[in-house]
Amino acid sequence: MRRVICRANDLSNGMPNTSARPKHGRRTRRRRREDPARNELVSSSLESAQQCLFNQDYGTAFVHYLLVLNLAPMFKDFARESFRFTLNKWTEELDSVGRIQDLFDCYEQALELFPADEVILNSMGEHLFRMGFRDEAAGHFHKALKLRPDYPEARENFYRVANWLVERWHFLMLNDHGRNRKYQQAIQKAVQSGCNTVLDIGTGTGILGMCAKKAGAADVYACELSKTMYELACEVVNANGMDGSIKILHMKSLEMEVPKDIPHRVSLVVTETVDAGLFGEGIIESLVHAWHHLLLPPQRGENEFQDQSATGRVIPAGATVFGMALESIEIRRHHRICVSEVGNLSIAAAGELRSPVSCSPEPDDSMEPYTTERLSRVPGGYKALTEPFTALSIDFNNVQELEGLSSREVQQIRMPVTQEGELDALAVWFQLHLDEESSLSTGPQEDTCWEQAIYPVHSTGGFVLKPQDELIVEVSCIDAFLRLCSVAVLRDGHEIHLDNRPDAQNPGNPVSNPNPEAELCSALASLQTDQTQTKDFCMLECSEMALLNNQDYHQSFSGALAKLIPQLRAKCQDKERSGDSTDASDLLYVLDVSEGFSLLSLIAASHGHVKAYSSMEKKKQQEVLKRLARSNNVPEQHLEFWLNHTEDEHGMLKRPSREKLWSAIMLDCVETCGLIRQKLMEKASLARCLLEDGGSIFPAKIVVHGILVESDTLLLESAVQGQEATLGFNIAPFINQFTVPVHVFLDFSTLECKRLSEFVELFVLDLMDSTANYTDREVKVQATSAGRITAIPFWYHIYLDQEISVSTLSQNSHWKQAAVVLQQPVEVQAGDWVRLAVKLHKSAMSITAHIEKSPGPMEQ
Ligand code: 44T
């Protein structure tokens, strides 16, 4: 039901309820023109709208505009700009008071009037995105962009969400010729042996369904739960001339019924709804449901001949899951705290900090049981500590086995340790048996693009496995997620327990803090604090863990503050001496507006004579910071939490008191994914206005560096290349609409690529002086080898002051890199000069590359 969108007084003067607005139709329109009373109403309403707009009464203005434009559509062009402005202001107001339904109602009404208005579509998308409706948000950005391909706001928004909408593995999968061919052959064999009614569960782009049709299946159905993917599948199937012969349903297979959605049970289900941990896309539940409701009964005995068209089966027929223990510093630093001191602060008293990835036996909604990693590309590599072992086998054609999976007993596996090393994780991959003959593997050694599931180990702090040891792993399948847990090590006949909470329940626990002094501090600190706080834990994102482990980063901030603070203090004392200052507090004010968990405010406060403000919002994290302040002797009143619940960045940067300006403001300028944070420059200019004379923004400057490379991997991950890999089906042009020009979360250190140039400076962002920034810059770079430039990876040197900088490329950084991918590669010869046009619009970077025709530029 549509709600009335305006306040009660908006409806005074006999204003009609907007839900009863007239529908446009020829007859009414003709009559309207001749109706003087109506004309009168239109013009007085238009006037009222403008007056309300002037008085900043946007709600009433909006209702007046709705009335005018519904009654007199010929005013649409004239009033478009003001209408957009009013809508924007009014919905901002609705948003700020949490009237979300009303807000969306306004947009819907606006879009009824202006269905092809890219600005309205884009801003509705922004609201949808903020509310977490990513799929719908992206649909709006996509539409806006189709209407106006050069609309930069919509483009930037679309690029930000395209990754969520059409996940990047679609490109990899469709470019994986081996995988596609194997699926095609298995389907073809099944169809030819009599399975002539087929259901493709989770069809994606429709490729498996099209294989079934091409193989001669009589009836093919497909279902897809994502709206974007469903629409894409319809387009693809249509373009391949199969629109009449494959019925695609926009629904989850679990909701499908016979005969409501499909007329009869099918003889073949094909699906690839598997993730790196095999069961994460719900394949078990989908197949149990399919066997009960959508598939014909299974074949009975193995050797019995049965008519295939009267029995049901599934491709893939089953899977074997493998596990292996490994050491990897990269994984470790994202899941455990590996340092005891950061930026001259002891962090021993922090209490337990946990990453949100845990396979603990008690399932918890806030935890993911595993993360994923492409082991062949983990920075710093990994060391296998055991041989691979079989963790589980499952037959997808056996419904009892599928149903029994959750109640299967926990299985213990003992694996001899083969190499000495620290146990950081168990890795999992699998073989997908398409049929008796053919299978796909997602193993780390294979030449495939698939990631492995990673079950990190949390609390073995420094415990080293040795070749005579045996590792005991437990495998279970609670709530249809595969869980692996290293429970103990057998050494010299003793069982040593692992990965339980670092507590006293475990007398045999070898897990001791490598630093006894820190352990003592921690014990002391917990004596001082309230018991309930120390018992539970504080959850940090993996990137926050990695940041906390990054000593260089914190040391750099500490160093830059150590330079700034004495300068400002000296200035302050001069002022006091000369009688200029009335402020006797003698404290400098520092504000940290980093996103997420940050120690920077505490580091600032620990320098003395500083009152630091942190903008951390989570209570648990604030408690950790307070505990650390206490244990590091930072006076409680020198650390405060700034505007706990403000969403408004203007509010966020307000100063603590009228007389006082900030000495330093710390901005968190680069996202973990490798992109500059949105609105960074706006925040910086706001921050500059609030600095005292001689104060600083950290960072003061960001220099973007990059390199020209030839990398087929990046191409394959960003767009479907041609038709060959997709079995001759025409899929590329459709899915490639979701190609984005910038690849994020890149590990440049392990990217397979040929370097075609030296590192080059691409752009400088001066945060202390925004007038010094250009939005366009031309950079000339000389090719050092011949090749095809397919990508330009880039990263940042973040300058805190003139001398001190941190690089987002460094090995211990919590940042990943990003790369501009050139879908039309540029051929170069060694010695050629390449002209790069680098553009920065808001925070989105774009680069185009051209060969310089003239000989090398002397001015370089
Ligand atoms: N796996 C590749 C592909 N869906 C990811 O909305 C395979 C990754 C892979 N639709 C290791 C190995 C491999 N009913 O679009 C998605 C999703 C949809 C459903 C209808 C359902 N019950 C479902 C469940 C999922 O299916 C599409 C594909 S699922 C993701 C597959 C060698 N890592």
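Quantities reported herein were computed from a predicted structural model and do not represent experimental measurements. Order of listing sets the numbers, starting from 1, for every ligand and every atom in it. The first residue in the sequence is number 1, and the count goes up from there.
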Please tabulate, one pair per line, all N/O donor-acceptor pairs under 3.5 Å involving side-chain atoms of residues 212-222, not counting sequence neighbours.
{"from": "Lys213", "atom 1": "NZ", "to": "Ala217", "atom 2": "O", "distance (Å)": "3.0"}
{"from": "Lys213", "atom 1": "NZ", "to": "Ala218", "atom 2": "O", "distance (Å)": "2.9"}
{"from": "Asp219", "atom 1": "OD2", "to": "His264", "atom 2": "NE2", "distance (Å)": "3.4"}

Listed pairs under 3.5 Å, donor-acceptor, residues 247-255 side chains, sequence neighbours left out:
{"from": "Lys247", "atom 1": "NZ", "to": "Asp261", "atom 2": "O", "distance (Å)": "2.9"}
{"from": "His250", "atom 1": "NE2", "to": "Leu225", "atom 2": "O", "distance (Å)": "3.1"}

Return all side-chain donor-acceptor pairs below 3.5 angstrom for residues 709-717, not counting sequence neighbours, or 'none' if the list is empty.
{"from": "Glu710", "atom 1": "OE1", "to": "Arg788", "atom 2": "N", "distance (Å)": "2.7"}
{"from": "Glu710", "atom 1": "OE2", "to": "Arg788", "atom 2": "NH1", "distance (Å)": "3.4"}
{"from": "Ser711", "atom 1": "OG", "to": "Leu714", "atom 2": "N", "distance (Å)": "3.1"}
{"from": "Glu717", "atom 1": "OE2", "to": "Arg374", "atom 2": "NH1", "distance (Å)": "3.1"}
{"from": "Glu717", "atom 1": "OE2", "to": "Arg377", "atom 2": "NH1", "distance (Å)": "3.2"}
{"from": "Glu717", "atom 1": "OE2", "to": "Arg377", "atom 2": "NH2", "distance (Å)": "2.9"}

Between the protein and ligand 1, which nitrogen or oxygen pairs come in under 3.5 Å, and how far apart is each?
{"from": "ligand 1", "atom 1": "1 (N)", "to": "Val274", "atom 2": "O", "distance (Å)": "2.8"}
{"from": "ligand 1", "atom 1": "6 (O)", "to": "Glu224", "atom 2": "OE2", "distance (Å)": "2.6"}
{"from": "ligand 1", "atom 1": "10 (N)", "to": "Leu225", "atom 2": "N", "distance (Å)": "3.3"}
{"from": "ligand 1", "atom 1": "14 (N)", "to": "Ser253", "atom 2": "N", "distance (Å)": "2.9"}
{"from": "ligand 1", "atom 1": "15 (O)", "to": "Glu224", "atom 2": "OE1", "distance (Å)": "3.0"}
{"from": "ligand 1", "atom 1": "15 (O)", "to": "Glu224", "atom 2": "OE2", "distance (Å)": "2.9"}
{"from": "ligand 1", "atom 1": "22 (N)", "to": "Ser253", "atom 2": "OG", "distance (Å)": "3.1"}
{"from": "ligand 1", "atom 1": "22 (N)", "to": "Ser286", "atom 2": "OG", "distance (Å)": "3.3"}

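Using a 3.5 Å distance cut-off with no hydrogens or angles, the side chains of His743 and Gln817 do not pair a donor with an acceptor.
For Lys182 and Glu437, the salt-bridge test fails: no basic side-chain N is under 4.0 Å from an acidic carboxylate O.
Under the side chain to side chain contact (heavy atoms under 4.5 Å, CB included) rule, His335 has a single partner from Val457, Ile454, Thr371, Asp424, which is Thr371.
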